[in-house]
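Keep in mind it's a predicted model, so treat the numbers as computed, not measured. Whatever order the structure lists them in is the order used to number ligands and atoms, beginning at 1.
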Amino acid sequence: MTVIKVDIPEKSYNIAIAPGSLEQLGAQMQHLKLGKKVLLVSNPMIFKHYGLRAIASLENAGFQVIHYNLPPGERYKTLNSIQKLYDIALENRLERSSTMVALGGGVIGDMTGFAAATWLRGINVVQIPTSLLAMVDSAIGGKTGVNHPQGKNLIGAFHQPSLVLIDPQVLKTLPTAEFRAGMAEVIKYGVIWDTELFTQLEASKHLDQLRYIKSDLIDTILTHSCQAKADVVSQDEKESGLRAILNYGHTIGHAVESLTNYRMFKHGEAVGIGMVAAGQIAVELGMWTNTDTKRQNTLIKKANLPTQVPDTVDIEQLINALQLDKKVKSGKVRFVLPTAIGKVTVTDEVPTDVIKKVIRNS
Ligand code: GLY
């Protein structure tokens with residue numbers, strides 16, 4: 001088992017990665033000295049595949065398990081769903097020492113984390129991510145929350161999990177489009193943090209489908225991405241500085257997602273488009289080489305991710321949408337721009353005409 005520590009004062013925790021680790025969930029949680037009551041939250045599809053195995057492992061370790069399935073999909077990432085979890089928590093008398101276990105992708109993880117952050121002012125949460133994106137990104141680092149009708153993730157809290165348990169075997173049931181979307185975040189870590197990961201991705205013929213990727217590379221992808229996220233979050237839990245680099249590709253990515261009403265692209269696909277644009281902006285500003293931006297774009301294409309802002313997106317609307325981003329500070333749009341493979345810088349000095357030029361030529 002590979003164990004990566006997220007080192008945050010008073011709330012450090014482990015990311016445990018191993019094929020078949022789902023069966024060890026109960027044993028892993030026993031070490032954490034948590035109360036007996038567990039509320040396992042999933043969605044019907046994921047529960048059908050993995051729910052009973054998770055429950056059996058927990059019960060064998062002496063936990064008393066209640067489970068609840070929320071409907072699948074981003075459109076249920078709402079306060080209504082959280083209310084449902086509070087009702088179940090109340091009915092079953094969840095206590096301060098109790099634990100919510102999130103078994104699912106980013107939506108389940110974010111909602112369960114938020115319910116755990118707020119129930120009784122905060123109870124334990126354990127994350128068992130089942131999508132690539134959740135494994136390498138959203139399950140780690142404590143960002144939890146739900147959407148407001150006017151915008152994604154506007155309601156939330158930082159609440160670190162007690163454990164993140166990753167079983168790569170569950171990726172087998174992940175739809176290919178979801179796998180590719182997760183790969184965008186993996187490529188992101190290669191560009192912003194980890195040259196070794198980047199070159200390993202370059203060496204692989206395929207990045208678009210799990211079945212074509214060697215299991216060694218899957219190990220590398222998971223361990224290096226989780227280590228990158230753990231390193232960053234350990235240094236800056238609440239995004240007062242360094243953590244902002246994780247938003248590479250997200251500035252234009254979020255604007256494209258919102259202008260296409262979250263229907264045209266998965267989050268990871270929009271991040272792919274955003275990384276290509278950010279790379280080109282860095283080239284225009286003389287910060288990054290043409291060669292490296294091409295290397296990045298080759299990986300994005302190899303993962304079969306989109307690379308262009310669609311023509312249907314109006315450029316003036318895109319510029320306006322950038323202003324609405326959560327990352328805007330004193331009216332200035334913040335960009336994360338690469339300066340080398342494995343290195344980025346954060347700037348709010350990107351001239352609007354450079355953004356327009358890059359989008360027009362994309
Ligand atoms: N997904 C970006 C972060 O966790 O900060």
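- In terms of polar-atom proximity, R243 is counted as a contact of ligand 1, with an N or O under 3.5 Å from an N or O of the ligand.
- At least one N or O atom of D137 sits closer than 3.5 Å to an N or O atom of ligand 1.
- In terms of protein heavy atoms, atom 4 (O) of ligand 1 is closest to K229 NZ, 2.5 Å.
- Under the 3.5 Å distance criterion, with hydrogens and angles disregarded, no donor-acceptor pair is assigned to the side chains of E74 and Y262.
- With hydrogens and angles left out, the side-chain atoms of N247 and T251 include no donor and acceptor closer than 3.5 Å.
- Side-chain atoms of D292 and Q296 form no donor-acceptor pair, as typed in the model, at a separation below 3.5 Å.
- Between E269 and R180, none of the side-chain N atoms (NZ, or NE/NH1/NH2) sits under 4.0 Å from a carboxylate O, so this pair counts as no salt bridge.
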